[in-house]
Enquirer: 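Got a structure here, written out as structure tokens. Questions coming.
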Amino acid sequence: MADKKLVEQITSMDEDFAQWYTDIVKKAELADYSGVRGCMVIRPYGYAIWENIQKNLDAIFKKTGHENVCMPMFIPESLLQKEKDHVEGFAPEVAWVTHGGQEELAERLCVRPTSETLFCDHYSNVIQSYRDLPKLYNQWVSVVRWEKTSRPFLRSVEFLWQEGHTAHATAEEAQEETLRMLNVYADFCRDYLAIPVVMGQKTDKERFAGAKATYTIESLMHDGKALQSGTSHNFGDGFAKAFNIQYSNKDNKLEYVHQTSWGMSTRIIGAIIMVHGDDNGLILPPNIAPVQVVIVPVAMHKPGVLDRANALKEELENAGLRVKIDASDKMPGWKFAEYEMKGVPVRIEIGPRDIENNQCMSARRDNGEKAAISLDGVADSVKALLADIHNNMLAKATKLRDEKTYTATNFDEFTSIAENKPGFIKAMWCGDTECEEAIKDKTAVTSRCIPFEQEHIADTCVHCGKKATKMVYWGKAY
RNA sequence: CGGGGUUUAGCGCAGUUUGGUAGCGCACCUGGUUUGGGACCAGGGGGCCGGGGGUUCAAGUCCCUCAACCCCGACCA
């Protein structure tokens with residue numbers, strides 16, 4: 001009975017994955033559509049997830065020596081145009097401000113789609129000496145890209161993210177920083193979001209506009225589509241030359257700085273939904289779940305039940321856990337389903353029978369297991385349970401990804417996998433962009449990355465048969 | 001940006017064919033009984049029928065127009 005009602009609320013992911021995703025976003029109250037095309041309202045529960053992501057990532061950035069700043073939201077057209085590749089990459093999707101009040105502006109302003117040009121302009125002002133380097137800046141802001149089609153979290157016209165921008169004295173330091181931050185993202189996905197990723201370098205075709213090299217972490221969704229979950233770029237000295245960011249070295253010679261940038265956005269919330277969720281709703285990784293434990297008192301009108309439940313809440317909170325107690329007069333069964341839909345990792349039921357036995361009942365969201373827990377030392381038990389849930393979620397997601405990762409040695413195999421088995425395809429590539437484009441035209445599959453962990457699958461390119469230089473992860477992507 | 005669909009109470013929908021008092025289910029509010037997997041009884045509140053313009057004595061319904069959202073493509077970091 002309960003299952004039937006749940007199915008009425010959330011479309012099964014096998015039936016219609018896109019609708020399943022939309023249902024979860026709406027039913028779990030993560031976001032709502034707004035009156036502005038392509039923009040969304042991030043609701044308290046969804047924003048709380050972002051705040052937890054932000055809080056933890058920011059703490060890591062602080063540890064790695066980065067400082068937060070805030071750049072303007074507007075970019076003068078002339079500034080945006082200083083780096084040729086960069087402006088060409090973003091031109092189709094920038095929003096322009098042409099008027100201030102009734103007055104037409106002498107120079108129109110672009111609403112930032114990303115802030116490289118702003119950081120560069122600033123760096124050219126504040127960097128003079130090698131003593132000023134490195135500059136390790138980050139900002140948490142929203143950006144605007146005039147997307148034609150949008151989906152909540154995955155692609156919206158305005159979205160929240162962080163963008164790190166650094167300037168270094170040498171190419172080596174910049175490259176080190178680029179990879180260091182890519183690793184930060186990969187570790188964050190594993191340790192906080194329970195999402196396994198493939199790390200690697202983007203091909204020239206997929207490289208960020210204006211970058212020398214772009215690195216990525218790619219994750220795999222339940223439907224077998226890939227999601228670029230974070231990127232880190234090495235700009236070399238290209239932007240420095242365009243924006244004239246020079247410093248005096250120890251020998252009093254002028255040199256250009258070497259720069260990086262790296263970002264992770266609210267898109268990662270889409271990944272959390274699509275990597276972990278099931279037909280009953282969200283499943284949130286404990287480390288970023290706004291509510292880690294929900295307490296449902298049973299028969300709470302009976303004497304002592306609510307008091308004991310509140311005492312339990314306090315005990316868990318004092319142990320540093322994020323706890324909610326639902327003492328509303330809804331039926332317990334309703335509450336069970338509700339918090340399952342919202343992905344709360346652990347539910348605790350406590351009723352007269354439990355109190356009599358000095359215990360409570362736990363139910364974990366990831367696998368549905370129920371168990372009696374002694375009220376003595378309950379905080380430690382719950383912490384251990386949350387840790388186990390995290391590990392299990394990571395293991396499950398890793399298994400799913402591995403099961404959906406295929407190998408193709410020739411183009412027939414490749415085409416067949418692309419058509420019938422959504423997932424990553426590992427295949428050799430010659431390194432030519434024309435070949436990569438041909439693959440995309442024929443199969444709708446794009447290169448996701450050239451993984452750091454290379455395997456030798458074959459000697460020749462999966463498409464053209466020429467000598468292969470790289471093993472590439474391919475896939476259909478969000 | 002193309003092709004299709006949708007828009008009526010917070011949510012899901014009927015009503016549009018044939019113009020004539022704005023409906024249903026859930027949710028919400030009040031009171032009571034309930035409480036270990038989405039309770040029940042009784043009473044109650046809530047609508048610029050997506051926006052604008054037209055036709056008509058009369059428009060949710062017919063005509064024009066604009067917009068938002070969904071699905072499939074194209075495009076895309």
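Each chain gets a letter, A, B and so on, in the order the sequences are listed, and its residues count up from 1. Since the model is a prediction, treat every value here as computed from it, not as a measurement.
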Enquirer: Mapping K440(A) and G351(A) to their closest nucleotides on RNA chain B, which lands nearer the 5' end?
Expert: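 Looking at the nearest nucleotide for each, G351(A) comes out on the 5' side.
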Enquirer: Hey, is the side chain of K335(A) poking within less than 4.0 Å of OP1 or OP2 on A39(B), counting only N and O atoms?
Expert: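 No, K335(A) has no side-chain N/O under 4.0 Å of OP1/OP2 on A39(B).
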Enquirer: Should C48(B) form a Watson-Crick or G-U wobble pair with both distances under 3.5 Å, which nucleotide is its partner?
Expert: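 None - no nucleotide pairs with C48(B), as no candidate has both distances under 3.5 Å.
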Enquirer: Remember a base hit wins even if backbone is also touched, and classify A18(A) as base, sugar-phosphate or nothing at under 4.0 Å, heavy atoms.
Expert: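 Sugar-phosphate: the residue A18(A), judged by heavy atoms under 4.0 Å, touches backbone atoms but no base.
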Enquirer: Does R448(A) come within less than 4.0 Å of E218(A), counting only side-chain N to carboxylate O?
Expert: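 Counted as a salt bridge, because a side-chain N and a carboxylate O are separated by less than 4.0 Å.
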Enquirer: Look at the side-chain N and O atoms of K205(A) and state whether any lies under 4.0 Å from the OP1 or OP2 oxygen of C76(B).
Expert: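 Answer is no, no contact under 4.0 Å.
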Enquirer: With rounding to whole Å, what would you report as the distance between U35(B) and U6(B) at their P atoms?
Expert: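 Between the two P atoms, the distance is 46 Å.
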Enquirer: Starting at atom CG of D329(A), determine the distance to atom C1' of U30(B), rounded to an integer number of angstrom.
Expert: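 That distance rounds to 12 Å.
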Enquirer: Tell me if the centroids of the rings in F414(A) and F411(A) come within less than 6.0 Å of each other.
Expert: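 Centroid separation for F414(A) and F411(A): below 6.0 Å.
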Enquirer: Taking the six-membered ring for Trp, are W50(A) and F159(A) closer than 6.0 Å centroid to centroid?
Expert: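 No, they do not, as the ring centres are separated by 6.0 Å or more.
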Enquirer: Just compare G37(B), C71(B), C1(B) and give me whichever is closest to any side-chain atom of K148(A).
Expert: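 So the side chain of K148(A) is nearest to C1(B).
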Enquirer: Let me know which of F235(A), F119(A), F243(A), Y123(A) forms a ring pair (Phe, Tyr, Trp, His ring centres under 6.0 Å) with H165(A).
Expert: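 Single pass found, and it is F119(A).
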Enquirer: Nearest to the side chain of E147(A) - C28(B), C76(B), U35(B)?
Expert: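 That would be C76(B).
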Enquirer: From CZ of F336(A) over to P of G37(B), roughly how many Å is that when rounded to an integer?
Expert: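 The distance from CZ of F336(A) to P of G37(B) comes to 6 Å, rounded to the nearest Å.
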Enquirer: Between C76(B), G36(B), G37(B), which one does the side chain of E93(A) approach most closely?
Expert: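 Nearest to the side-chain atoms of E93(A), counting from C-beta on, is C76(B).
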Enquirer: Round to a whole Å and report the spacing from CG of D354(A) to P of G36(B).
Expert: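 For the pair D354(A) CG and G36(B) P, the rounded distance is 13 Å.
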Enquirer: The side chain of M341(A) is closest to which nucleotide in this list: U35(B), G38(B), C76(B)?
Expert: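 Side chain of M341(A) sits closest to G38(B).
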Enquirer: Record whether the side chain of E340(A) comes under 3.5 Å of the base of G37(B) through a donor-acceptor pair of N or O atoms.
Expert: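 Present.
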Enquirer: Using the P atoms only, state how far G46(B) lies from U7(B), rounded to an integer number of Å.
Expert: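 So the two P atoms sit 25 Å from each other.
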Enquirer: Go through C1(B), C71(B), U35(B) for me and flag the one nearest to the T149(A) side chain.
Expert: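 For the T149(A) side chain, the nearest candidate turns out to be C1(B).
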Enquirer: Side chain of K26(A) only, please: which of G37(B), G12(B), C71(B) is the nearest?
Expert: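 Given the options G37(B), G12(B), C71(B), the side chain of K26(A) is closest to G12(B).
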Enquirer: Between K404(A) and D223(A), is there a side-chain N and carboxylate O pair less than 4.0 Å apart?
Expert: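 Salt bridge absent between K404(A) and D223(A).
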Enquirer: Which one is paired to G10(B), where only Watson-Crick or G-U wobble pairs with both distances under 3.5 angstrom count?
Expert: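 Pairing partner: C26(B).
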Enquirer: Can you tell me, in whole Å, how much space there is between the P of U8(B) and that of G60(B)?
Expert: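 My reading of the P atoms in U8(B) and G60(B) gives 15 Å.
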Enquirer: Using atom CH2 of W334(A) as one end and atom P of C26(B) as the other, report the distance to the nearest whole Å.
Expert: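 Atom-to-atom, W334(A) to C26(B), this comes out as 16 Å.
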Enquirer: Give the nucleotide from the list C71(B), U35(B), G36(B) with an atom nearest to the side chain of P352(A).
Expert: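 In terms of side-chain proximity for P352(A), the closest of C71(B), U35(B), G36(B) is G36(B).
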Enquirer: Measure from the ring center of W262(A) to the ring center of H66(A) and say whether it is less than 6.0 Å.
Expert: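 Judged by ring-centre distance (under 6.0 Å), W262(A) and H66(A) do meet the cut-off.
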Enquirer: Could you check whether G368(A) gets within reach of a base, just the sugar-phosphate, or nothing at all, counting any heavy atom under 4.0 Å?
Expert: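 Answer is nothing: G368(A) stays at 4.0 Å or more from every strand.
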Enquirer: Rounded to whole angstrom, note down the P distance from G15(B) over to C75(B).
Expert: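 It works out to 40 Å between them.
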Enquirer: Check whether the side chains of Q54(A) and Y47(A) place a donor and an acceptor atom closer than 3.5 Å, and report yes or no.
Expert: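 No.
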Enquirer: State whether the distance check finds a donor on one side and an acceptor on the other, under 3.5 Å, for side chain R155(A) versus base C76(B).
Expert: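 By the distance-only test, yes, there is a pair.
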Enquirer: Which of these nucleotides, G36(B), G12(B), C70(B), is closest to any side-chain atom of P332(A)?
Expert: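 Of the candidates, G36(B) comes closest.
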Enquirer: On RNA chain B, does the nearest nucleotide to H233(A) precede the nearest nucleotide to V298(A) from the 5' side, or the other way round? Give the residue.
Expert: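 With H233(A) and V298(A) compared, the 5'-side residue is V298(A).
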Enquirer: Is the aromatic ring centre of H301(A) closer than 5.5 Å to the centre of the six-membered base ring of U34(B), with the two planes inclined by less than 30°?
Expert: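 The base of U34(B) is not stacked with H301(A) (the test needs centres under 5.5 Å and planes under 30°).
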Enquirer: With both distances kept under 3.5 Å, what pairs with G20(B), Watson-Crick or G-U wobble?
Expert: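 By the stated definition (distances under 3.5 Å), C57(B) pairs with G20(B).
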Enquirer: Between R448(A) (CZ) and C76(B) (C1'), how many Å, whole number?
Expert: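 About 11 Å, once rounded to whole Å.
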Enquirer: Would you kindly give the CD-to-P distance between E29(A) and G10(B), to the nearest whole Å?
Expert: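 About 16 Å, once rounded to whole Å.
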Enquirer: Check whether the side chains of S261(A) and E116(A) place a donor and an acceptor atom closer than 3.5 Å, and report yes or no.
Expert: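 A pair is found: one side chain offers a donor N or O, the other an acceptor, under 3.5 Å apart.
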Enquirer: In this structure, how many angstroms lie between the C1' atom of U35(B) and the CD1 atom of I325(A), rounded?
Expert: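 Nearest whole value for this atom pair: 15 Å.
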Enquirer: Give me the distance, rounded to whole Å, that separates G52(B) from G25(B) when you measure between the P atoms they each carry.
Expert: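 Taking atom P in both G52(B) and G25(B), they lie 30 Å apart.
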Enquirer: Taking atom P in both C62(B) and A68(B), compute the distance separating them and give it to the nearest angstrom.
Expert: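 Each nucleotide's P atom is 23 Å from the other's.
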Enquirer: Given the C1' atoms of G53(B) and A59(B), what is the spacing between them in whole Å?
Expert: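 Roughly 14 Å separates the two C1' atoms.
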Enquirer: Grab the CE-P distance between M300(A) and U35(B) for me, whole Å please.
Expert: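 The answer, rounded to whole Å, is 12 Å.
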Enquirer: Determine which nucleotide pairs with G38(B), using a 3.5 Å limit on both distances of a Watson-Crick or G-U wobble pair.
Expert: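 Matched G38(B) with nothing under the 3.5 Å cut-off.
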Enquirer: If you look at every strand shown and take non-hydrogen atoms under 4.0 Å, does R267(A) touch a base, only sugar-phosphate, or nothing?
Expert: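 R267(A): no heavy atom of the nucleic acid under 4.0 Å.
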Enquirer: For the C1' atoms, the ones on C48(B) and on G32(B), what distance do you get once it is rounded to whole angstrom?
Expert: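 Pairwise C1' distance, C48(B) against G32(B), rounds to 38 Å.
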